[in-house]
Amino acid sequence: MLGAKLVHFSPAGLTAGLIVETEAYLSRGDPACHAARGKTKRNAMMFGPPGRAYVYFIYGNHYCFNVVTGREGHGEAVLVRALEPLEGMALMQKRRGSDKKIKDLANGPGKLCQAMGINGKHNGISLKQYPLFITAGVSVKAADIDVSGRIGISRGQDKQLRFFVRGNAYLSR
DNA sequence: CGGGAGATGGGCT
DNA sequence: GCCCATCTCCCGA
């Protein structure tokens, strides 16, 4: 997914960005994964077919955007943590705050949802078609991808499941 | 600049 | 009640 392009045609206009940072949440042996304790109303979309969005509300203020990656019934997804803004920067600033610099528009999971206009109503929709989809972006070589522990979690901190484009200016950290 | 804490609300126990 | 895959502000350096 790194280097792929996330596009959203919203009623307010078009925004798009390159995926530069992700985290994997596995279906087995991963206590940090929302699906670790079985299927619930909240995480049900994670168990659906791959290629759909799993969007959830967190900390009373923010949404996080995931792509379901596991086979149907498995409960596996990839969290998108940061985007390099490509199109619709003016709209992103309108949503995020006009004082924000470009590099602060989508360099975090909550921030990118706000910048892209992604919210709970996108939970479960296909990411292969209008209005919200992932398409070809730029090619990222394996040698340019770095790995680290995941950010902001309290369980499963030992796992090296955060992936990002080394040196990219739009990472969350 | 870096660290600490509050805001804020839905889901789960 | 408590937890939480976060963000922002405010403080001190």
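Proteins come first, then strands; the chains are lettered A, B, ... in the order of their sequence lines, and each starts at number 1.
When every heavy atom of A:Ser10 is checked against every heavy atom of A:Leu91, the shortest pair comes out as OG-CD2, 4.4 Å. Closest non-hydrogen pair, A:Glu21 versus A:Ile151, comes out as OE2-CD1, 4.1 Å. Across every non-hydrogen atom of A:Val20 and A:Leu171, the tightest pair is O-CD2, 3.5 Å. Across all their heavy atoms, A:Asn43 and A:His34 have their closest contact at ND2-O, 2.9 Å.
The base of C:dA5 is paired with the side chain of A:Tyr56 by a donor and an acceptor separated by under 3.5 Å.
Atom CD in A:Glu23 sits about 12 Å away from atom C1' in C:dT6, given to the nearest Å. Counting to the nearest Å, the P atom of C:dC7 and the OH atom of A:Tyr59 are 10 Å from each other. The nearest whole Å value for the distance from the CD1 atom in A:Ile58 to the P atom in C:dC2 is 17 Å. Computed from coordinates, the A:Arg42 CZ to B:dG10 P distance equals 12 Å when rounded to whole Å. We find that CZ of A:Arg173 is positioned 11 Å from C1' of C:dT6, with the value rounded to whole Å. Rounding to whole angstrom units, NZ of residue A:Lys111 and C1' of C:dT8 are separated by 9 Å. In this structure, A:Lys39 places its NZ atom 17 Å from C1' of B:dC12, rounding to the nearest Å. Taking atom CG of A:Leu112 as the reference point, atom C1' of C:dC7 lies 13 Å away to the nearest angstrom.
Contacts between residues 144-160 of chain A and DNA chain C, defined by a heavy-atom separation under 4.0 Å, are made by A:Ile151, A:Gly152, A:Ile153, A:Ser154, A:Arg155. Listed by residue number, there are no residues of residues 77-108 of chain A with a heavy-atom contact under 4.0 Å to DNA chain B.
Within the 4.0 angstrom heavy-atom criterion, only backbone atoms of the sugar-phosphate kind lie near A:Gly110; the bases stay farther away.
Each of C:dC4, C:dC7, B:dC12 was ranked by its minimum atom distance to the side chain of A:His62; first place goes to C:dC7. Relative to the side chain of A:Asn61, the nucleotides C:dT6, B:dA7, C:dC7 differ in distance, and B:dA7 lies closest. Here the nucleotide nearest the side chain of A:Asn66, chosen from B:dA7, C:dA5, B:dG10, is C:dA5.
A:Gln93 and A:Ser98 are not linked by any side-chain donor-acceptor pair at a separation below 3.5 angstrom, with hydrogens and angles left out of the test. A:Ser148 and A:Arg162 are linked by a side-chain donor-acceptor pair at a separation below 3.5 angstrom, with hydrogens and angles left out of the test. Between A:Gln114 and A:Arg95, the side chains place no donor N or O within less than 3.5 Å of an acceptor N or O (distance only, hydrogens not considered).
Both geometric conditions, a ring-centre gap below 5.5 Å and a plane tilt below 30°, are not fulfilled together for A:Phe57 over the base of B:dG9.
Ring centroids of A:Tyr56 and A:Tyr54 are separated by less than 6.0 Å, placing the two rings close together.
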So what is the 5' to 3' dot-bracket string for DNA chain B, if pairs are Watson-Crick or G-U wobble with both distances under 3.5 Å, crossing pairs use [ ] and | means the partner sits on another strand? |||||||.||||.
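Judged by a 6.0 Å distance limit and a 45° cone about the ring axis, A:Arg81 is not positioned over the six-membered ring of A:Phe164.
Under the 4.5 Å side-chain heavy-atom criterion for ILVMFWY residues, a single connected hydrophobic cluster contains both A:Val67 and A:Val138.
Salt bridge present: A:Lys5 and A:Glu87 bring a charged side-chain N and a carboxylate O closer than 4.0 Å. Using a cut-off of 4.0 Å between Lys/Arg side-chain N and Asp/Glu carboxylate O, A:Asp158 and A:Arg150 are scored as not salt-bridged.
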